[in-house]
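Read the structure below first, then the notes.
These numbers were taken from a predicted model, which means no experiment stands behind them.
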Amino acid sequence: MIYNKRNYLGLYSILLSAFLMASCSDEHEAVQKGTESPAVVQADISAFKVDGRVSSLEGENEIKDIQACLFEDGLMTEVYTDLNKSSDTYSLKLKSMSGTLYMLANTEGLIDLQQMKDRGTTEQEWLNTTVKAEEGVMPRFFAGKLDLKEQPQGQFVLPMSLKHGTARFDLLVKTGGVLSVKSLTLKNVAQESYLLPQTGVVSPEGAPVEDMHIVFQQPLSRDSSGIAYVGEQANQQLKVAAEMEMNGKTYVKEVDLPSFLKRNTVYTITVRKDALSADVKLEVTAWEDGGDVALRPDFDGTITVDKGASVLPEGVVVSESGNVVSLPSRALDFTLAFDCDDELEFVSSQSPDISVEAVLSEVAGEKKNCFTFHKALLPPGYPQEEAKVYFRRKGLNENYEEDCVTLVMEENPIRLEGFSFDRENYTCDFGRYIDNEMGRFTIPEGLELVAEFGDEDPWVKVEKAGEDANTYRVVGGWKPNDPKADGRKQSARLVVRRISDEQPMEVYTVVRRNYGLPVTYLNGTWWCRYNAIGNSRSFDDQVLSSSDPARLAGQTVQDYLKTCSSEEYVRLWNAAYEGNNGIALQAVYRDGKVTLDGWRSSESNHINKAEPASLAPDGYEMPTFDDYKNILGLFPIPTTWSGFYPENDAANRQYRSEIILEKRSGIQLDGHALNEQWSFSVRSIAGHGDEPLTFYGVGCQWNNDGVNGNWLLLACYNPNVTGWLLRGSNANLEHNGAGANNTRNVRFKKSPVEYIYQ
């Protein structure tokens with residue numbers, strides 16, 4: 001086989017430009033639709049090249065960590081550590097187009113950007129940063145730079161190349177197998193180099209030098225890539241010595257290395273035996289400039305798709321050039337046949353969503369290179385993507401850039417609001433309880449959206465947003481006193497299907513945590529049956545509808561409080577709130593009195609001023625002053641109760657109710673008996689609720705004298721502060737604002753919900 005040198009840099013540049021133009025077009029559309037930032041930097045690895053072609057080794061381009069920083073007016077102003085990764089590309093959304101952006105990879109433990117920002121690092125100091133070899137080994141890092149102000153106006157996607165911070169050495173043995181290389185020594189190698197490219201190739205002043213010895217376990221008689229990586233340096237003392245063996249004789253040859261070793265450049269050390277003599281030569285080629293050493297076969301042209309022999313489903317389009325295939329967003333299988341005189345083997349795909357397998361095919365007695373491609377669904381919300389699929393000509397070890405096909409995975413035409421589906425399971429897991437409108441689908445004509453549940457309750461409702469619009473609202477529902485609302489995952493399938501035959505086209509899964517608090521419907525409001533306890537915002541601390549002790553016992557809450565154990569009473573009773581942190585204070589017996597542990601005399605945040613939902617779990621909120629008014633009557637409230645209280649039972653009132661006061665003795669706290677504990681229940685006698693609502697709890701505390709038994713101060717949302725108080729001294733129910741440091745019992749109600757399911 002004949003080996004020649006060919007330069008494919010022009011073709012590679014054209015393909016890269018086409019890719020970037022397509023990406024910019026897509027991202028420009030995204031801007032028109034309201035993307036948050038003015039531009040996105042897309043960084044990828046600038047691989048080592050030999051003779052203008054990618055010559056990457058396994059693991060050589062692996063990114064273990066990546067970070068970036070921005071300098072504005074000569075000072076580091078931003079540090080970025082959470083970059084988005086897609087295939088081999090890293091993206092960073094910009095807030096503005098000012099300053100200079102630098103990006104680093106594989107520098108964990110070497111460069112602490114946050115620390116440098118905190119100490120006010122200037123850009124000049126940054127450019128002077130160096131990297132040192134450890135035990136003669138230079139760290140394998142990447143670096144890139146982008147001057148934002150010099151970028152074209154209106155360009156959304158800004159490409160950045162992350163270049164290897166080191167130079168690579170390869171060994172090429174051209175001796176017909178009669179000679180082997182035992183060792184190489186790179187002499188006087190600088191042990192320190194600049195982190196970032198300088199103006200020209202320079203070395204840090206006073207950088208120490210050492211010899212780098214490379215001893216092969218078995219003498220090499222064939223080519224070997226990546227035998228050494230060294231830092232960029234300007235060094236006139238650089239040399240390489242090779243110890244070789246041929247016919248039992250040892251040869252040592254030494255030649256100068258280039259005085260400038262550039263980062264991201266491959267240098268080939270070639271051992272060559274003269275065909276007419278026993279002379280052995282040592283040559284060094286820098287592949288940045290091409291060189292005259294051929295490392296690979298010279299094949300004519302790129303592989304292209306044979307459209308006639310391919311099996312292309314609807315929507316799959318092959319470009320005129322035959323090396324770009326556009327694919328619709330849906331999942332599909334298709335077969336491509338390639339025009340190539342050599343037998344091809346599949347090597348790799350840049351996209352995890354594309355898998356490939358070879359198939360046997362013969363057309364008119366001629367064997368064809370045919371491969372079946374399996375493409376996963378590209379869900380809504382992801383931009384159009386391009387991925388290269390690489391092949392190798394059978395019998396070769398090297399892979400070449402031209403032996404590939406580019407797949408363009410078109411953007412999904414479905415538009416989403418509120419949802420983000422992952423690409424592995426096509427699932428949107430909210431990770432919490434959520435109800436009412438969760439999001440919207442806008443889908444192409446001829447399709448519709450439906451919800452499916454399997455064995456799950458129908459907790460999702462799908463409906464059109466308007467008569468003619470093809471936009472569907474996805475509404476999460478609520479089930480009062482759901483015995484299964486224990487925090488479990490609750491899922492539904494959202495199916496995009498054809499209207500004509502109801503054939504499913506795309507299927508997505510939406511998941512929430514199904515939590516619920518026990519409720520009672522009274523006078524137009526779904527009231528929670530129990531006080532908040534523990535962390536008022538956490539479902540996990542509350543009494544859940546799946547474990548409602550009174551309902552499980554077949555009792556009202558008031559009856560349950562009269563009959564449950566002392567320990568159970570204290571569990572439900574022992575929580576009072578102060579301020580707006582949502583963490584309950586608990587009563588303890590201390591110094592001969594009952595007091596709330598952690599009570600703060602200096603508290604200034606009034607709980608009645610907190611936003612209704614701010615202290616509640618998702619889907620619930622603090623009742624308003626008027627919510628209480630609808631069940632407790634008009635102010636003023638007449639005095640002492642005697643068990644039954646129908647005083648607000650006026651015929652002209654929309655809501656009429658009876659209020660019953662109960663008392664219980666014998667409750668123990670920390671081994672001490674509490675005074676008589678009161679509770680009162682409210683029941684509608686106007687047909688606006690069948691079950692009474694019970695109030696109970698720790699008496700409020702307003703000074704260091706401890707808890708005032710049976711003074712039940714009820715928290716409610718009212719920016720004017722005024723709330724409701726059961727005065728324990730005489731069982732009066734009255735309006736009382738009280739101070740911010742007066743503790744309150746917190747009771748929630750269900751926030752308005754659009755859809756209630758059974």
Side-chain angles (χ1 to χ4, degrees), residues 1-16 18-19 47-58 170 172-174 176-177 222-225 266 268 287 290-312 316 318-325 327 333-351 354-375 386-408:
M1 187 174 292
I2 299 175
Y3 289 73
N4 299 311
K5 183 194 76 164
R6 294 189 52 194
N7 194 329
Y8 285 81
L9 288 174
L11 176 60
Y12 181 80
S13 299
I14 292 171
L15 291 174
L16 179 60
F19 170 77
F48 284 116
K49 292 183 180 180
V50 172
D51 198 14
R53 302 192 184 197
V54 171
S55 177
S56 295
L57 305 179
E58 183 177 355
D170 293 350
L172 190 62
V173 182
K174 293 294 184 183
R222 61 178 62 186
D223 303 345
S224 181
S225 299
V266 175
T268 300
W287 279 107
D292 59 359
V293 182
L295 295 184
R296 57 177 175 76
D298 182 22
F299 294 109
D300 291 328
T302 62
I303 64 172
T304 56
V305 175
D306 183 340
K307 299 179 187 178
S310 300
V311 180
L312 305 177
V316 177
V318 179
S319 68
E320 291 186 11
S321 64
N323 56 10
V324 178
V325 182
L327 307 173
D333 297 336
F334 57 98
T335 299
L336 295 182
F338 294 103
D339 282 325
C340 183
D341 293 335
D342 299 281
E343 185 177 349
L344 297 175
E345 297 174 335
F346 168 67
V347 176
S348 64
S349 168
Q350 284 185 334
S351 171
I354 300 289
S355 60
V356 182
E357 59 187 62
V359 293
L360 295 174
S361 180
E362 191 169 318
V363 179
E366 180 185 355
K367 289 185 178 180
K368 282 286 185 181
N369 285 300
C370 289
F371 297 86
T372 296
F373 290 69
H374 308 281
K375 175 193 169 293
E386 289 189 7
K388 290 184 178 181
V389 178
Y390 291 94
F391 298 87
R392 177 171 53 214
R393 299 170 194 251
K394 191 171 183 180
L396 297 181
N397 294 323
E398 298 290 338
N399 309 321
Y400 305 115
E401 188 68 25
E402 66 268 26
D403 290 342
C404 73
V405 61
T406 299
L407 303 181
V408 178

Given the rule in the side-chain contact (heavy atoms from CB on, under 4.5 Å) test, do Phe338 and Val305 qualify, once you have shown the distances and angles that lead to the verdict?
CA-CA 4 Å; Phe338 294 103; Val305 175; 3.8 Å; yes
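- In this structure, the side chain of Ser310 engages the main chain of Ala337 through a donor-acceptor pair within 3.5 Å.
- Proximity of a side-chain donor or acceptor of Gln350 to a complementary backbone N or O of Lys388 within less than 3.5 Å is detected.
- No more than 12 heavy atoms of other residues, nucleotides or ligands lie within 6.0 Å of CD in Glu58, so this atom counts as exposed by the packing criterion.
- The distance from the SG atom of Cys370 to the CG atom of Leu344 is 10.5 Å, given to the nearest 0.5 Å.
- Among all heavy-atom pairs drawn from Ser319 and Asn323, the shortest one is OG-N, 3.8 Å.
- In this structure, Lys307 and Glu320 approach most closely via the heavy-atom pair NZ-CA, 4.5 Å.
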Between Leu336 and Leu312, does the side-chain contact (heavy atoms from CB on, under 4.5 Å) criterion hold? Intermediate values first, please.
CA-CA 8 Å; Leu336 295 182; Leu312 305 177; 3.6 Å; yes
I would like to know whether Val389 and Phe371 meet side-chain contact (heavy atoms from CB on, under 4.5 Å); could you show each step before the answer?
CA-CA 11 Å; Val389 178; Phe371 297 86; over 6 Å; no
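- Ring orientation note: the planes of Phe346 and Phe391 are nearly perpendicular, at an angle over 60° on the 30°/60° scale.
- Here the shortest heavy-atom pairing between Glu386 and Thr406 reads OE1-CG2, 3.9 Å.
- Put simply, the side chain of Asp342 never gets that close to the backbone of Arg393: no donor and acceptor are under 3.5 Å apart.
- Note that CD1 of Ile303 and CG of Asp403 are 5.5 Å apart. Values are rounded to the nearest 0.5 Å.
- Residues Asp223 and Asp170 have side chains not in contact (no heavy-atom distance under 4.5 Å, counting atoms from C-beta outward).
- Counting heavy atoms from C-beta on, the side chains of Asn369 and Glu343 come closer than 4.5 Å.
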Between Val173 and Arg222, does a side-chain contact (heavy atoms from CB on, under 4.5 Å) hold up when you go through it step by step?
CA-CA 5 Å; Val173 182; Arg222 61 178 62 186; 5.8 Å; no
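- The line from OG of Ser224 to CG of Leu57 is 8.5 Å long, rounded to the nearest 0.5 Å.
- Residue Ala309 comes nearest to Lys368 through the heavy atom pair CB-CE, 4.5 Å, listed as atom of the first residue, atom of the second, then distance.
- Legend: residues meeting side chain to side chain contact (heavy atoms under 4.5 Å, CB included) with Val311, ordered by chain and number and at least two apart, are Thr335.
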